[in-house]
Amino acid sequence: MRVLLVEDHPPLAEAVMDALGRAGFSVDHAGTASDAREIAAISDFALVILDLGLPDGDGLTLLAQLRDGGRVPVIVLTARDQLSDRLAGLDGGADDYVVKPVEMQELIARCRAVLRRPGERLARQLRVGPLVLDTVARSASLGDRPIPLSRRELGVLEQLMRSAGRVASRAVLEDALYTLDDEVTPNALDAAVSRLRRALERAGCPLPIVTVRGIGWMLPREAAA
Ligand code: CA
């Protein structure tokens, strides 16, 4: 689940990226409104976390621009806790509002709540056949038996389950795993898929990860007869 964080204060940005990363989100960071506009124009995000006080403009202007660009949920993050600012943020199209100093657990819970709203992309539990993935606990199981997986393997599995029965392209899986700033080695995704495939086989999962050569991978909805 890819998130864009727009925040100009480096220590806070790092803390938020760290907390969201551990919660299983991939976070891209922009320190200015113009950087945010550029990144948002070329990438698809599930959610934007937006600081209102940016060095090159008011976040509310950016909020309006993000809104014009399509239906990406936005959580406003700001030190301004006056009611009038709160209302301006929500009137401007924010889906939620978190006041600094930020409690990381609260921010994560609010991200999940926004993403769980109807039409949004995050369900708490994903199920495909006997496979279950808990997006909050960051764990996977086959029926009620846990499958031990690394964070990266879980990220791959989550995308495969979201697109079960369809091919998940290499680009979609890479997007789910890495942020713009990460070093992506060409083989990292293939390695993660191989380890995930072996882990599922060891666990006795009847659903195979099918390689669609040159395109990506697919998790079938049902085991082959
Ligand atoms: Ca700021």
Side-chain angles (χ1 to χ4, degrees), residues 1-122 135-136 138 151-152 155 158 174-184:
M1 193 68 44
R2 204 161 166 203
V3 174
L4 174 60
L5 170 68
V6 189
E7 167 60 61
D8 63 318
H9 187 53
L12 177 59
E14 264 173 43
V16 171
M17 288 168 76
D18 188 51
L20 287 174
R22 275 185 277 113
F25 294 90
S26 291
V27 189
D28 287 283
H29 173 234
T32 63
S34 68
D35 277 2
R37 244 175 250 121
E38 261 173 45
I39 297 177
I42 56 166
S43 301
D44 188 21
F45 293 97
L47 171 72
V48 177
I49 300 173
L50 176 63
D51 175 27
L52 287 190
L54 296 168
D56 59 340
D58 191 321
L60 286 175
T61 312
L62 181 59
L63 177 60
Q65 289 163 344
L66 289 171
R67 274 285 169 255
D68 285 347
R71 202 14 253 179
V72 58
V74 177
I75 295 180
V76 160
L77 193 67
T78 183
R80 289 184 241 163
D81 55 355
Q82 288 83 22
L83 185 62
S84 60
D85 286 329
R86 241 178 239 255
L87 292 176
L90 293 170
D91 284 350
D95 295 82
D96 204 349
Y97 199 100
V98 175
V99 171
K100 295 176 186 177
V102 178
E103 200 51 63
M104 291 304 157
Q105 289 309 316
E106 185 198 354
L107 177 62
I108 290 165
R110 283 171 186 256
C111 288
R112 293 201 166 113
V114 163
L115 288 165
R116 266 198 302 273
R117 285 178 193 166
E120 300 305 341
R121 293 185 247 186
L122 190 66
T135 61
V136 175
R138 302 307 300 165
R151 199 174 111 189
R152 212 168 249 203
E158 180 174 352
E174 281 176 352
D175 252 20
L177 285 195
Y178 308 109
T179 68
L180 289 177
D181 298 327
D182 270 354
E183 289 268 331
V184 181

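Only heavy atoms go into these numbers, but all of them, side chains included; no hydrogens, no water, no symmetry mates. Every number for a ligand or one of its atoms is a count from 1 in the order of the listing.
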Would you mind checking if Arg2 and Asp28 are paired as a salt bridge, meaning a charged N to carboxylate O distance below 4.0 Å? yes
Asp56 meets the salt bridge (Lys or Arg N to Asp or Glu O under 4.0 Å) criterion, sequence neighbours left out, with none
Of all the heavy-atom pairs spanning [X] and [Y], show the shortest one and how long it is.
| X | Y | value |
| --- | --- | --- |
| Leu20 | Cys111 | CD2-SG, 4.1 Å |
| Phe45 | Ala40 | CE1-CA, 4.2 Å |
| Val27 | Leu5 | CG1-CB, 3.8 Å |

Are there over 12 heavy-atom neighbours, none belonging to Glu103, within less than 6.0 Å of that residue's CD?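 Result for CD/Glu103: open.
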Using a cut-off of 3.0 Å, how many protein N, O or S atoms lie below it in distance from the Ca ion (ligand 1)?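 The number of such protein atoms is 3.
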